Amino acid sequence: MATDPLAIFKERACALFHDALAGMGSEAKAVPEVPPEGMGDFAFPCFLLAKELRRPPADIAASISGAIPQDSHFSRTEAKGPYVNFHIDPAQLMSAALSAVLEKREDYGNAEPTGRKLLVEHTSANPNGPLHVGRARNPIIGDTLARILSRCGNTVVTEFYVDDMGKQQVTLTWGVENLKRAGEAPHKPDHSLVWYYQEASRLMAEDPKVLAQIDAMIALYEKKDPAIAERVRKNCQIVLDGMTASLRRMDINFDSFAWESRYIFDGTVDRVLDELRALKCTAEEEGALYLNLEEFGITGQESKFYLTRGDGSSLYSTRDMAYHLDKLSRYDRAIDVLGEDHRLKARVVGIGVKLLGEEKPIEPIFYSFVSLPEGKMSTRRGTVVYLDDLIEESVARARDEVEKRRPELSEELKRGIAEAVGTGAIRYNIIRVQAEKQMVFKWEDALNFEGNSAPFVQYSHARASSILRKATAYESYDPCLLTHPSEIALAKGLARFPSVIRECGVSMSCHLLAQYAFEIASLFNQFYRDCPVLVAADENLKNARLALVTASKFVMLNALDTLGIMAPEEL
RNA sequence: GGACUCGUGGCUUAGCCAGGAUAUAGCGCUGGACUUCUAAUUCAGAUGUCUCGGGUUCGAAUCCCGACGGGUCCGCCA
């Protein structure tokens with residue numbers, strides 16, 4: 001059974017079009033496009049054929065259209081200017097869409113298994129304080145992408161790369177071990193520890209003795225001192241636990257954690273350095289090994305890329321090369337979700353990994369920063385909006401709305417709805433924007449529950465659920481009874497879901513899925529307005545509409561699930 | 001200074017990779033729809049030199065070059 005109900009129509013249209021074209025003596029191939037509203041379902045442009053056949057495009061379209069025989073899949077095919085447009089027979093489409101969704105249900109939209117195992121590395125934030133809204137774009141993109149790629153038939157593993165070797169983590173540990181906090185500490189561990197990091201950073205900047213102590217700790221750490229490693233890791237783990245707790249609330253979970261220090265302590269970084277040292281494109285300068293980037297097309301001041309310090313100790317990107325070699329040996333594809341500040345580094349790590357003999361590429365996805373209206377966010381300076389505060393605020397606002405709209409619901413139900421709406425709205429509002437566009441964080445946008453938002457989709461899903469709750473189960477349905485334009489438009493939308501998932505996976509972009517979810521919800525709302533279900537004219541029409549409602553509910557559910565957003569039965 | 005990236009109604013945004021038929025939507029604005037399966041909904045209307053200038057093309061929001069504006073990077077930090 002076909003997973004994609006549109007595929008059979010598309011193939012048929014292509015075959016008919018090319019048969020007609022062959023009849024005119026042309027071997028040319030044309031790819032169908034999606035025409036504007038009301039002009040059918042597949043459009044074949046005839047511009048490219050104009051040159052070969054030496055006739056105007058509109059002429060060719062008319063001839064081809066005339067040569068296409070009547071076909072049961074299509075209600076009509078017509079030439080419209082320079083295009084040949086195919087209109088899918090609405091009854092056939094309705095039938096194909098409904099049977100595809102109702103057969104696959106929760107799995108509708110999933111592709112056949114590829115047999116490939118992928119790793120999506122995301123978040124990987126320095127464990128020196130709680131996640132802020134700027135960084136939150138990373139886990140939301142990463143988790144959504146993992147869900148999309150999984151529906152595309154891959155086995156997907158998500159991983160958090162824990163940077164436990166950085167100066168920031170040592171600074172945090174120095175703070176925890178040397179500073180005494182006055183007053184009450186915040187309850188959540190990451191929020192409690194960030195004070196030590198901020199305070200230690202401040203002291204380090206004004207007091208050279210503090211700086212010296214921290215530098216001494218770093219030196220010891222780099223000599224692979226196990227005791228200090230344990231002290232630093234302990235604090236990293238505490239902050240990490242706080243971060244993952246916040247993310248869990250948005251249904252973001254990690255399958256594994258890779259600790260940066262591991263690659264130092266188990267000797268893989270040393271092996272990587274030995275191999276790099278032997279290459280022609282590396283050289284040393286006062287004991288420091290560097291990679292000459294000029295021959296890779298990266299010129300200017302950044303053409304010398306340092307791999308070690310003068311004392312031979314490794315640098316961040318070198319350790320990243322070791323990590324990526326390990327990843328690529330374990331998985332068929334390695335995808336990294338990275339902030340735009342990592343663009344150059346990611347390129348260099350990619351070059352390094354290739355030089356070290358790895359054939360598979362690292363596939364980075366970049367996103368631009370989320371800033372505040374008054375400037376960029378910084379944990380060190382404390383100019384941030386913490387993710388936890390945003391979640392609290394969003395859930396509280398959702399709670400107010402539920403209280404206002406559904407006072408009769410039980411306490412437990414209201415709490416569950418507020419949580420789903422509050423966290424869903426955050427995920428949606430971040431994922432709906434293309435990753436590479438920069439965003440300015442505004443509370444009013446982040447807490448938008450109307451229009452293009454998660455609650456809009458959740459609300460439509462709840463409406464569908466409500467109808468199904470009140471209806472008695474139908475035995476069978478006749479898709480031919482569904483002929484209202486709103487019903488047809490909705491069915492066409494439902495039929496598109498598998499190709500939307502595929503497109504998101506191929507282009508590795510998540511914002512298209514949010515847009516699709518919104519479109520389906522909007523189509524469902526129009527159907528809801530135009531076509532009464534429970535009080536339909538007769539029993540047969542009611543059953544057919546119940547089938548359409550059921551299918552719509554599954555598609556909205558699947559789209560929301562792929563976006564990592566809960567779909568409550570009631571709102 | 002060099003490199004990368006983004007620039008689409010008042011605000012936010014899709015389309016750009018694979019150029020083609022009236023540029024997608026949301027917010028906001030004006031006006032309408034709750035005796036109707038949940039109005040977090042819906043309908044109508046106003047709002048655009050697709051940053052600017054060149055080029056390629058029968059045809060450019062889309063490709064190329066240049067400029068301008070925002071962001072980011074250019075450390076033996078991470």
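Here is how names work: the chains are called A, B, and so on, in the same order as the sequence lines, proteins then strands, and each is numbered from 1. All of these numbers come straight from a predicted model, not from anything done at the bench.
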key: Leu293(A) CG to C73(B) C1', straight-line distance once rounded to whole Å   = 13 Å
inquiry  = Could you check whether Arg405(A) makes a cation-pi contact with Phe449(A), meaning its NZ or CZ is under 6.0 Å from the centre of the six-membered ring and within 45° of the ring axis?
reply    = no
message = I need the CG-P distance between Leu338(A) and U5(B), as an integer number of Å.
response = 15 Å
Identity of whatever pairs with G9(B) - Watson-Crick or G-U, under 3.5 angstrom = none
remark   = Closest non-hydrogen atoms of Leu409(A) and Lys414(A), given as atom of the first, atom of the second and distance, are O-CE, 3.2 Å
message = Ignoring hydrogens and geometry beyond distance, is the side chain of Asn85(A) in donor-acceptor contact with the base of A21(B) at under 3.5 Å?
response = yes
Protein and nucleotides 32-36 of chain B: nitrogen or oxygen contacts under 3.5 angstrom:
none

ask   = Base, sugar-phosphate, or nothing for Lys376(A), non-hydrogen atoms under 4.0 angstrom?
value = sugar-phosphate
inquiry  = Tell me whether Arg137(A) forms a cation-pi arrangement with Tyr367(A), defined as NZ or CZ under 6.0 Å from the six-membered ring centre and within 45 degrees of its axis.
reply    = no
task = Treat primed atoms plus P, OP1 and OP2 as sugar-phosphate and everything else as base, then score nucleotides 11-16 of chain B 5' to 3': B for base contact with protein heavy atoms under 4.0 Å, S for sugar-phosphate contact only, - for none.
result = -S-SS-
message = I'd like to know if Arg399(A) pairs up with Glu401(A) as an ion pair, taking the criterion as any Lys NZ or Arg NE/NH1/NH2 lying under 4.0 Å from an Asp or Glu carboxylate oxygen.
response = no
message = Mind checking if Pro35(A) touches a base, just sugar-phosphate, or nothing, with heavy atoms under 4.0 Å?
response = base
task = Could you tell me whether Cys531(A) contacts a base, only the sugar-phosphate backbone, or nothing, with contacts defined as non-hydrogen atoms closer than 4.0 Å?
result = base
task = Look at all strands and tell whether Glu519(A) reaches a base, only sugar-phosphate, or nothing, counting heavy atoms closer than 4.0 Å.
result = nothing
query = Atom CG of Asn138(A) to atom C1' of A78(B): distance rounded to whole Å?
reply = 15 Å
query = Paired with G1(B): which nucleotide, if any, by Watson-Crick or G-U wobble criteria at under 3.5 Å for both distances?
reply = C74(B)
Is there any protein nitrogen or oxygen under 3.5 Å from a nitrogen or oxygen in nucleotides 40-46 of chain B, and what are the pairs?
| residue | atom | partner | partner atom | Å |
| --- | --- | --- | --- | --- |
| A40(B) | OP1 | Tyr459(A) | OH | 3.2 |
| A40(B) | OP2 | Arg405(A) | NH1 | 2.1 |
| A40(B) | O5' | Arg405(A) | NH1 | 3.2 |
| A40(B) | O4' | Arg405(A) | NH1 | 2.9 |
| A40(B) | O4' | Arg405(A) | NH2 | 3.4 |
| A40(B) | N7 | Arg405(A) | NE | 3.4 |
| U41(B) | OP1 | Gly451(A) | N | 3.2 |
| U41(B) | O3' | Asn525(A) | ND2 | 3.1 |
| U41(B) | O2' | Arg463(A) | NH1 | 3.0 |
| U42(B) | O3' | Arg529(A) | NH1 | 2.6 |
| U42(B) | O2' | Arg529(A) | NH1 | 3.2 |
| C43(B) | OP1 | Arg529(A) | NH1 | 3.1 |

ask   = C29(B) and A46(B): how far apart are their C1' atoms, nearest whole angstrom?
value = 8 Å
inquiry  = I'd like the C1' distance from U35(B) over to A40(B), given in whole Å.
reply    = 23 Å
request  = Would you mind classifying the nucleic acid contact of Glu286(A) as base, sugar-phosphate or nothing, using non-hydrogen atoms under 4.0 angstrom?
outcome  = base
key: Nearest-Å distance for atom pair CD/P, residues Glu503(A) and C17(B)   = 12 Å
ask   = For Asp336(A) and His342(A), does a side-chain donor sit closer than 3.5 Å to a side-chain acceptor?
value = no
message = When both hydrogen-bonding distances must be under 3.5 Å and the geometry is Watson-Crick or G-U wobble, what is A44(B) paired with, if anything?
response = U30(B)
key: Euclidean distance, atom OH of residue Tyr474(A) to atom P of C37(B) [Å, nearest integer]   = 22 Å
inquiry  = Just to be sure I understand the rule, does Phe366(A) reach a base, reach only the sugar-phosphate, or reach nothing, if contact means heavy atoms closer than 4.0 Å?
reply    = nothing
request  = Can you tell me, in whole Å, how much space there is between the P of C17(B) and that of U51(B)?
outcome  = 15 Å
request  = Please state the C1' separation for the pair U13(B) and G26(B) - nearest whole angstrom.
outcome  = 7 Å
Whole-Å gap separating C1' (C76(B)) and CZ (Arg277(A)) = 14 Å
key: Nearest-Å distance once atom P is located in both U49(B) and U5(B)   = 28 Å
Minimum-distance pair of heavy atoms, taken over all atoms of Tyr474(A) and Ala547(A) = OH-CA, 3.4 Å
request  = Once you apply the 3.5 Å cut-off to both distances, tell me the Watson-Crick or G-U wobble partner of G66(B), or none.
outcome  = C52(B)
message = For a quick check of understanding: with a heavy-atom distance under 4.0 Å over all strands, which category does Pro45(A) fall into, base, sugar-phosphate or nothing?
response = nothing
